[in-house]
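Contents: one structure, followed by commentary.
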Number of protein chains: 4
Amino acid sequence: MNAEPRWRRRKADRPGEIVAAAIAVFTERGFAAARIDEIAARAGLSKGAIYRYFDTKEALFRAVVTDAVRPNVRKVLDTAAAWQGGVPDLVRMLLPTVAGLAMKLPVGAVLKMVIGESRNFPELARVWHDEVVQPALSLLMRLIAEGQARGELRPGDPRTHAFSLMAPMLLGVIWRETFTPLGAGDVDLPAVARQHVETVLAGMETRR
Amino acid sequence: MNAEPRWRRRKADRPGEIVAAAIAVFTERGFAAARIDEIAARAGLSKGAIYRYFDTKEALFRAVVTDAVRPNVRKVLDTAAAWQGGVPDLVRMLLPTVAGLAMKLPVGAVLKMVIGESRNFPELARVWHDEVVQPALSLLMRLIAEGQARGELRPGDPRTHAFSLMAPMLLGVIWRETFTPLGAGDVDLPAVARQHVETVLAGMETRR
Amino acid sequence: MNAEPRWRRRKADRPGEIVAAAIAVFTERGFAAARIDEIAARAGLSKGAIYRYFDTKEALFRAVVTDAVRPNVRKVLDTAAAWQGGVPDLVRMLLPTVAGLAMKLPVGAVLKMVIGESRNFPELARVWHDEVVQPALSLLMRLIAEGQARGELRPGDPRTHAFSLMAPMLLGVIWRETFTPLGAGDVDLPAVARQHVETVLAGMETRR
Amino acid sequence: MNAEPRWRRRKADRPGEIVAAAIAVFTERGFAAARIDEIAARAGLSKGAIYRYFDTKEALFRAVVTDAVRPNVRKVLDTAAAWQGGVPDLVRMLLPTVAGLAMKLPVGAVLKMVIGESRNFPELARVWHDEVVQPALSLLMRLIAEGQARGELRPGDPRTHAFSLMAPMLLGVIWRETFTPLGAGDVDLPAVARQHVETVLAGMETRR
DNA sequence: AATGAATGAGGTTTCATTCAT
DNA sequence: AATGAATGAAACCTCATTCAT
């Protein structure tokens, strides 16, 4: 009689589908303005079904924030940790790679939310700090210190040097989320990465 | 008995007091979680009185975001526009100045909100873009192009160069709002400014 | 592989098992706070299976309230109806018997629910009235009237006399459900029965 | 233009009006089935206004249970504590008084709820135990012990004697709430009190 | 000009019930 | 006969906004 069943069983796929829908809605509206209704609709579910997989709106938000980036960060860090050559060349490789990732993953939107909701969800900011920011920063600082010890890089506080290296990439990511949708010029992250890395390395390397 | 009605006191100050209270609450809680009740209480008023000065919560939010920074930006821009010497020296002066301002004004908190609410309040992001970001960026780009024309600075896309120069300051501001409250190490903005400006200028200047 | 489908096991027992689980959950939580999920879990079934045996939560509730006591009441009433000796001695036997039953059956908990839900489920209160309360009361009233006719008992409204006889037992049952779990002293129902029956019979019997 | 204002200020009267409406709805439906909407409507208010006076539905429920009886209990206990004559005569006065109060106050309905919700709101059962039941029981037990010491009353556990005295009154109250609305015969509490007190005293007094 | 009681729309969450498997 | 994913109708509670005082 009725051609279309009201719903179909898909338990295994559901969490992923819900998180995908939630990423879209949360990043578009922010935590508070996101409505469970809309997430459910985009996931092709009823509101109540969401609660089979996530106990609260906050739990869903946490899942979004943690799932969105963690896997990709590992990959980058592992590559860097396994690097054999000199520090400057590693940096030359690393920044464009990160720029490429940032272009295709929802990093920017999630980062925006982590920043925006850090007061209301300190734990999420902590997750990002502990799993994304701190590891990346530590790795960079260690590499810079090594480069300085080997005489490849000029002296200076390694943490600040790391800021000098990474900041334009992150700012570009935020820019693309915040100002580009308004009609402000887009940012070509890989291009920025290429030019910036050369500029800053020229200022950091001992011989050129 | 009391001949003086209690609200005769101040009058013209009210809007400013309300905005001041609103800055505190909005930056502490974000737009959605901020309650008019609390803003009113901090302004020493009743909830209803707020509506005599601002039609809606959004209007108050707009006032906060617009008023919070505009005046200070002008000052910096005017100083820079009036600069007579070479571009590198201007930059050497500018970054620490900005760093100092960012330490005492609520720029970071408001910037965080502008970023976080940019999807829900595009006009606010636009205000910031048009009144803060774009003017500063334009000025910097013009200066850089001039420096390049005069042979003081190496070639390269001026906009990216501007990013290379400013990004660590802005990222530091955001960091202090997002991660420092969690116990992550603080960022000494003026120190970052001093080291970064020398590093990046060493990579930008033609002769050193 | 597994030739035996898992639900082939029992079959006829199911309703009884469900009611048993439901008694536990309903008496622990009350009607509204009882969740079908929990009843199903305790019965070793899934939620959906419950609906094969009971159309609604209310239907299950009705089954609980009706089944919980009916069989036991019959026994007591039959014993009393078959009594051959004098009324006072019957009462001396009856009250401790009832007290003993009340100690091991969930009468108290179910009585509590019948009382608590009587407005929302008048029919259940009616079942209890018609099948438990009224028969017992009628029997007692008839016996008392007979005793008065034979000169064994003093005059007075038989219904009130029946109240005088039975009330402490019922109140004790309720007390044990309501106040004892809070740490209030327990009630030794049989002991109360023994003392009360002697006190009240001393006031009812014509010669002592 | 508009003859009737949408609402009128009546802050001081509100809590009482709300509790009165809540008593009606809670006692009619029980805690879970009572809807704030209906309480508000009966109090002539909107749903939201309730929350200006009571933080949660539970808080309102607590207010109902505590407010409904406390004042009246005090009065009875004080009268009894000030009694000068013999114990039997005090009891002869006390029971009809209690019966009269129970006829005009919502004691029965509230008692029913305390019993029905004791598992979900143990603290309310405790309030009733501590403020109503225990004081009354203690007083009675003390009076009975005094009567026994003076030789007016026969020996026996005072607590059980107190049960023997009071139980029919309480049971009558519950009966009137549970079975009378169904068409079962009403209980004339004062009449029950008069006959019961004589019956039971005849069994308790040493000389008659 | 100011108050704060009252409104009412809207959101999250729960859970009895249904139904594809 | 059984499962449990999915539905959808409430219900509680919040809070920006209004308006009688």
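Below, chains carry the letters A, B, ... as their sequence lines are ordered, and counting in each starts from 1.
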(request) Measure the spacing between CZ of Arg35(C) and NZ of Lys47(C) and express it to the nearest 0.5 Å. (result) 9.0 Å
(message) Under a 4.0 Å threshold between the charged nitrogen and the carboxylate oxygen, would Glu17(A) count as salt-bridged to Arg42(A)?
(response) no
(request) For Leu45(A) and dG8(F), give me the distance from atom CG to atom C1', rounded to whole Å. (result) 13 Å
(request) Starting at atom CD1 of Ile18(B), determine the distance to atom P of dA1(E), rounded to an integer number of angstrom. (result) 12 Å
(request) Give a yes or no answer on whether the side chain of Trp128(C) reaches the backbone of Val110(C) with a donor-acceptor pair at less than 3.5 Å. (result) no
(message) Does a side-chain N or O of Tyr53(D) approach OP1 or OP2 of dA5(E) to a distance below 4.0 Å, or not?
(response) no
(message) Using heavy-atom distances to pick each residue's nearest nucleotide on DNA chain E, tell me which of Arg52(B) and Arg52(D) is more 5'.
(response) Arg52(B)
(message) Any non-hydrogen side-chain atom of Arg119(D) less than 4.5 Å from a side-chain atom of Lys112(C)?
(response) yes
(request) If dA1(F) has a Watson-Crick or G-U wobble mate with both distances under 3.5 Å, name it; if not, just say none. (result) none
(request) May I ask you to decide whether Arg126(A) forms a salt bridge with Glu123(A), counting only side-chain N to carboxylate O separations under 4.0 Å? (result) no
(message) What is the separation between atom CD1 on Ile39(D) and atom C1' on dA11(F), rounded to the nearest whole Å?
(response) 12 Å
(request) Specify whether Phe31(A) and Phe26(A) have parallel, tilted or perpendicular ring planes, treating 30° as the upper limit for parallel and 60° as the lower limit for perpendicular. (result) parallel
(request) Go ahead and name the base partner of dG8(E); Watson-Crick or wobble counts if both distances stay under 3.5 Å, otherwise write none. (result) dC15(F)
(request) Could you say whether Ile50(D) or Ser46(B) is positioned toward the 5' end of DNA chain E, judged by the nucleotide with the nearest heavy atom to each? (result) Ser46(B)
(message) Strictly under 4.0 angstrom, non-hydrogen atoms only: write out the protein contact profile of nucleotides 12-17 of chain E, one letter per nucleotide from the 5' end, B, S or -.
(response) BBBSSB
